Amino acid sequence: MLEKNYTPKDFEEEIYKDWEESGDFQPDMRSSKDAFSIVIPPPNVTGVLHMGHALDNTLQDILIRYNRMQGKKVLWQPGMDHAGIATQMVVERNLAKEGISRHDLGREKFIETVWQWKEKSGGTICKQLRRLGASCDWSRARFTMDEGLSRAVRKIFVHLYKDGLIYKAKKLVNWDSKFMTAVSDLEVVQKETVGKMYYYKYPIEGSANEFVHIATTRPETMFGDTAVAISKDNEKLKQLIGKNCIIPIINKVIPIIADEHADPEKGTGAVKITPAHDFNDFEVGKRHNLPLVNILNPDATLNENTPFAGLSTMEARSKTIEKLTELGYMEKIEDHPMVIPYGDRSGVIIEPLMTDQWFVDAPVLAKEAIRVVEEGKMEFVPKSYEKTYFEWMRNIQPWCISRQLWWGHQMPIWYGPDETIFCEETEAEAQAAAEKHYGKAVELRRETDVLDTWFSSGLWAFSTLGWPDKTEYLETFYPTSVLVTGFDIIFFWVARMMMMSMYMMKEVPFKKAYIHGLVRDEHGQKMSKSKGNTVDPMETIEKYGADALRFFMAAMETQGRDINMSESRIAGYRNFATKLWNAARFGEMNECKTVEGFDETQVNLAVNQWIIAKAKEATKEVTQNLDNFRFSDAANSVYQFVWGSFCDWYIEMIKPLLYGENEADKTETRATFAWVLDRILVILHPFMPFITTQLWNNTAERSVKLIKAPWPKKEQIDESVMHKVDWAIDLISDIRSLRAEMNLPAGAKLTVYLKDMNNQSKQNMKEFRTIICSLSRLEKLEEFSGEITPDMVQSVFKEGAILLPLKGVVDFAAEKERLRKELEGLNKRLEGYAKKLNNPSFVDKAPATVVDEEKRRQSEALESKAKVEAALQRIVNL
RNA sequence: GGGCGCUUAGCUCAGCUGGAAGAGCAUCUCGUUUACACCGAGAGGGUCGGGAGUUCGAACCUCUCAGCGCCCACCA
């Protein structure tokens, strides 16, 4: 028995538990069909489910369930990312509450603490994903720091190193002074701010009143200046080139050099060069062999190379200005719009800093990653993201992979006493290599840096399947079928997976990358905690059910567009679930039970034939749309069918039958109802797995679980039967409309006379009389013979009935006219094609594909013409 | 500066290859008919941002103007 009310909370969790415990999420390796696999974008171990995850994972789950029902070997590989910086931050913050710093604990103890934290509090998100209905094979869940994945990381690192694709270099890198680590270019966000431009002057050496005028936004960096540059095309200033100037305060002499970097149009035309603290200046410095003067400590305070050692940059800045003003070198200060780099995690200003770091030679790895996309071996959906990908990949810079953190994969690098580098997968191998190198055993020192988190995520597509071992899963599921993720991590992750996979596996990590947008708030604003406009998916699930949230995500997902949150819409999809629930209850009340061996091609009643055809049509649409990743179209197809066709029309139309006397009709209708409801549960299951399963389990004894129920194969759809019932539906709609327009009282009896009837419509009227009268609340439905009979007059006056305008309710004349016009248009169109295709200049000039395209359209128009002609013929016959 | 995208009903948005404008919500009217008021029936509402062009035919293609958004790079 189905409960009277649809209360998803009561069964969603239980159903999930059953799936998981029965192993329903594990791939059926015995299946003879293709494999289908997705690797989950691993959420951070610190992560909590937000709407972005809800979207991403709903889409994946829809694809997974859909393919599972097709009988394929289906794997959704779950797991989590150790999220270096994020996790270290969380744990450090917790420790700080107790007044402990990580340095108090020491590296080993700290890492132990992180692991403890992970076991205890990490992975909340996996529970939440279960609540959403994500049918991942949790028994295979991986963690980027688990033993197997760590081995994969070491192996590929050593491989890359020995191929010369990983190297150590002293370079200017983005330095995060909060976490005291280097970060990659991608982890730096540029923010617009209104800053100040400071104008001051450096005296020229050996001259009392000659100066070079400088403009800068960062006066405190002057202590690191090692030159001033002027363009040799700068007519006004070029006479200064070759002279020396003096940095005030520290009275250091530096040369004035000629360099194109100094744009005469910008600033004062003369640029102070600080090679150790600016990426452009670094390049200038390289060109002129300038010394590098580092003025910063790792915590971004100034060092002993400046007079303000220990001060922060801001403090040093005001001190510098103060001093310059005092000495008479300061000229003016102006407001200046500028862009300042911040760390995406730390939120502090990122400083370019000279340090020893490790790099991956990304430009080399990018080549293959670009090629396979060019060749279509990996396709972006929507395709437009290809361009973004190419653009970035073709301009890729070496990837800084070393982090001066503690939480992460420590690099498999050991140094000998003379700093010789040994890169091996294990310490023992490194020892052996060192012994060979030195001819004796020596003490090795391990590199303390850890790897960028994205290094290990870059291996995710194959490391989770067991690589470097040759496992059955790797064999079966690699390359994975599709990757589903947001556009914001194309560079962070998609690109890196492409590079790593192409390098190591020589094969794409996934055949398609489905890229979706962002989930925004109701008004299209980005959701953020600081704005307070976030919506917690768990609360939404609590309130409306996971099915409603999932359906919302699917229905809103149109390619290449962001999704705006809309509670009213989620409520609408909860209502949809309620509607289905009640429809099922209707079936239960009327003993509509699934009939084993029911042959839906053998039903007799037109309404039953009609709903079966409609169900097949909906199935076809869902199938096609899911195959093309058109989630919203797929969702809308089911929605329209369930609410629009099944509930609004079919259930109403069969009521007279079910409450009637004809037992054969009843039997057939009950069986049909059950068949259609089952079909709905099947095609709706990927979107709303919980309610469909609950109904599946409670409306009949089943030999198959819904999660593994076979997805219908291609079916023959009987279109001719649709017209008859559509005729009745049109008639009913028109009568209802007239009734409302005429403002008839609710109980008013109504008699309708139809005129211009032909054989077909006479037959239709006979067949659907009961249904039509019942649904449009008619007293009588009669044919108008052309004369007003005493009967008709009687019905008006005696029964209080209303005599409708005797013109026939459906305006076939207008319909005929419409079709005639359409046919006219089609004929013109065909003429147009004929003209075009017979025109030699068009055929000669246009590429063959264009000509083919025109020909294809022509034949399409021909087809349409045939259809319209047939429709017109039907009307004429009616 | 380079790239991408958007502008369609009051709101949020669909509209796949050009062939007579759609959904959800909101609004208005009617309705306690035995699945459902988380409901049913009906209605109103759009010169598809402006302009020009291609076409027999344009929301869709081309050009142009205006507004909005995102990404990348740079900014002494």
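Per chain, numbering begins at 1; letters A, B, ... match sequence-line order. Worth knowing before you read on, the calculation uses all heavy atoms, side chains too, and leaves out hydrogens, waters and symmetry mates. Just so you know, these numbers come straight off a predicted model, no measurement behind them.
- Contact between the side-chain N/O atoms of A/R561 and the OP1/OP2 oxygens of B/rU7 is found at a separation under 4.0 Å.
- Judged by distance alone, with hydrogens and angles left aside, A/R569 brings no side-chain donor or acceptor close enough to the base of B/rC25 to form a pair under 3.5 Å.
- At a threshold of 4.0 angstrom between heavy atoms, the contacts of A/A229 with the nucleic acid are absent.
- In RNA chain B, runs of at least 3 stacked Watson-Crick or G-U pairs (N1-N3 plus N6-O4 or O6-N4, or N1-O2 plus O6-N3, all under 3.5 Å) give these stems: B:1-7 with B:66-72, B:10-13 with B:22-25, B:27-31 with B:39-43, B:49-53 with B:61-65.
- Within the 4.0 angstrom heavy-atom criterion, base atoms lie near A/R574.
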Distance-only donor-acceptor hits, side chain of residues 638-653 of chain A, under 3.5 Å, sequence neighbours excluded:
residue, atom, partner, partner atom, Å
A/Y650, OH, A/N608, OD1, 2.6
A/E652, OE1, A/K655, NZ, 3.3
A/E652, OE2, A/K655, NZ, 3.2

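- Within the structure, a side-chain polar atom (N or O) of A/W643 is placed less than 4.0 Å from OP1 or OP2 of B/rG40.
- Scanning atom types as modelled, one donor and one acceptor separated by under 3.5 angstrom connect the side chain of A/E652 and the base of B/rA35.
- In this structure, A/M589 reaches the sugar-phosphate backbone alone: every heavy-atom distance under 4.0 Å involves primed, P, OP1 or OP2 atoms, never a base.
- Neither OP1 nor OP2 of B/rC72 sits under 4.0 Å from any side-chain N or O of A/K387.
- Salt-bridge formation is not detected for the pair A/E591/A/K593: no Lys NZ or Arg NE/NH1/NH2 atom is positioned less than 4.0 Å from an Asp or Glu carboxylate oxygen.
- Residue A/T268 is out of contact with every strand shown, counting any heavy-atom pair closer than 4.0 Å.
- One donor-acceptor pair, N or O on each side, does fall under 3.5 Å between the base of B/rC38 and the side chain of A/T578.
- Between A/K579 and B/rG40, a side-chain N or O to OP1/OP2 separation shorter than 4.0 Å is present.
- Base engagement by A/D263 is indicated by at least one non-hydrogen atom pair under 4.0 Å involving a base atom.
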List the atom pairs, with distances to 0.1 Å, where a side-chain N or O of residues 383-391 of chain A and a protein N or O form a donor-acceptor pair under 3.5 Å, not counting sequence neighbours.
residue, atom, partner, partner atom, Å
A/K383, NZ, A/E386, OE2, 3.3
A/Y389, OH, A/A369, O, 2.8

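- Residue A/S566 is classed as having no contact, given no heavy-atom separation below 4.0 Å to the nucleic acid.
- Phosphate proximity of B/rC71 to A/T388: absent, as no side-chain N or O sits under 4.0 Å from OP1 or OP2.
- Between A/F631 and A/Y514, the ring centre distance stays below 6.0 Å.
- Heavy atoms of A/H261 sit under 4.0 angstrom from at least one base atom.
- Note on A/S737: a side-chain N or O is less than 4.0 Å away from OP1 or OP2 of B/rA43.
- Under the 4.0 Å criterion applied to side-chain N and carboxylate O atoms, A/K232 and A/E260 are assigned as salt-bridge partners.
- Contact between the side-chain N/O atoms of A/R630 and the OP1/OP2 oxygens of B/rG15 is found at a separation under 4.0 Å.
- Following rounding to the nearest Å, A/D488 (CG) and B/rG5 (P) show an atom-to-atom distance of 18 Å.
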